[in-house]
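Written out below as structure tokens is the structure these notes cover.
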Protein chains: 2
Amino acid sequence: MPDSAYGDIRKLDLFAQMADENFTGLMRGAYVQNFPSQIELITEGDPSDFLHVLVSGAVDLFSTWNGRETSMATIRPISTFILAATVKDAPYLMSARTLEKSRVALIPSQDVRAAFDLDGNFARAIVTELAQCYRSVIKSQKDLKLRTSLERLANYLLRQQRHAGGGSVFELEFEKRRLASVLGMTPENLSRAFKGLQPYGVTVAGTRITIEDHNELKRFAKPNRLIDDHQS
Amino acid sequence: MPDSAYGDIRKLDLFAQMADENFTGLMRGAYVQNFPSQIELITEGDPSDFLHVLVSGAVDLFSTWNGRETSMATIRPISTFILAATVKDAPYLMSARTLEKSRVALIPSQDVRAAFDLDGNFARAIVTELAQCYRSVIKSQKDLKLRTSLERLANYLLRQQRHAGGGSVFELEFEKRRLASVLGMTPENLSRAFKGLQPYGVTVAGTRITIEDHNELKRFAKPNRLIDDHQS
DNA sequence: CGCAGCCTTGACAAATGTCAACAAACGTGG
DNA sequence: CCACGTTTGTTGACATTTGTCAAGGCTGCG
């Protein structure tokens, strides 16, 4: 594995506190691979042979059933995905595909489980990471069950605005058809939802969003820290 | 803490492999309490001072936003809840209320985190439990995003039928208004959904469900192990 | 008995999805 | 740099799904 990726991975919360020898041992069986855009890295139902670490690029986690498909999450560097499947030695529940040219480190799942037994700090980090993932999905579940699509979009825009620095003009982080899928609606519905937010001062030009009056949108969206805050 | 509850808790996957002294230490600060039905045990947003273990009875985990409420899960003995909040020392994301007279063991969260550091087997068990919880929510998320309410009900009935032993007649495990909330719909919609399944051989009398032709319903529901199987 | 809560039903409204058409944006190869 | 085709986004018309409100029935319990 190249030194650059090695150092980046080492800095991840998941690995930062590991003993040197355990981390080195874990990396011995690992390798880094480059993928072009739109490559399916893993397929739901397959056995979880590797823990994946996204070093650069972007990855979409999605699921299908009965001919339908929905986007569950987007992974950005540097972070791991499908940790739960690795830990449980169970089949992937989601598929993953690259959204752009990406570098991915692959760590054999059995090595991860072995390192977990050897290294208390690593075990602790895994627990924290899993708890974090769990809480994220719960928030997303609340978003889906308690809000209409218009409310979900409004809150998404507020989150994205904050994430982009808080300015009144910012860019969407991915294409609208996928945003629609993430928010649990069709692209057509998303188009109309953007129009539905015009009365609250939201204007759209391509991927560029302008929020004229933050507080006006907030009054409509009613963001909640137990759904919309990424920490806590 | 009474010996009976002590032994039951000890048998939980989460605690079964712990060293005796660590388990005893953990239980020293714990206590068991009896609650009548319809008591709110925890409120979302509160700090997670205790890990809860349901010893007997039943508990509903639910969330609210903007005057709306939705049921996220039902806890049956013997199992823990809000483990993730305890681990992360973060506020509860869900509220919990008893559905019937219940016995709950309360273990101080800081003791749990301390025991985690001391006992590798306990740490492993927590990871497994969290991974399990995570995967359950993901399955539920897929159910919500990929299926219509009629399909969700059909698959729920198949799961419940299997859970009840597989016979063609079985009982719903909770009242319909809460089932509706779990499935992400209104009680009125659930009523109509039951009628919508009549063509597939489903009949309802109170909480008693009859599935005349299992395969007929299955053809409609298209159950999938990556959504509907509780293991894997 | 009478009340309260749950369930069901009907009529209606709102939200969301589908299909088709077209416009806009993008990438590729000339 | 342009021409072309492909993909994505938008819009309208419409269908379906889901929610809302109101009324009435059923059940369980004091």
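Each chain gets a letter, A, B and so on, in the order the sequences are listed, and its residues count up from 1.
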OP1 or OP2 of D:dT10 under 4.0 Å from side-chain N/O of A:Lys195: no

Test: A:Asp229 and A:Arg135 ion pair at under 4.0 Å: no

For atom CD of B:Glu151 and atom P of D:dT16, their distance in whole Å: 15 Å

Side-chain donor/acceptor contact of B:Arg152 with base of D:dT18 under 3.5 Å: no

Below 4.0 Å: OP1/OP2 of D:dG9 and any side-chain N or O of A:Ser191: no

Outermost nucleotides of DNA chain C that come under 4.0 Å of a non-hydrogen atom of chain B: C:dC6 to C:dA11

Backbone N/O of B:Glu175 and side chain of B:Thr207: donor-acceptor pair under 3.5 Å: no

Listed nucleotide nearest any side-chain atom of A:Lys176, set D:dT10, D:dT20, D:dT8: D:dT10

Single hit among B:Arg159, B:Lys142, B:Lys218 for salt bridge (charged side-chain N to carboxylate O under 4.0 Å, His left out) with B:Asp228: B:Arg159

Length of the CG-P vector between A:Leu172 and D:dT8, whole Å: 16 Å

Touch class at under 4.0 angstrom, heavy-atom based, for A:Glu188 against every strand present: base

Any donor-acceptor N or O pair under 3.5 Å, side chains A:Glu212, A:Ser168: no

Side chains of B:Glu69 and B:Ser181, donor plus acceptor under 3.5 Å: no

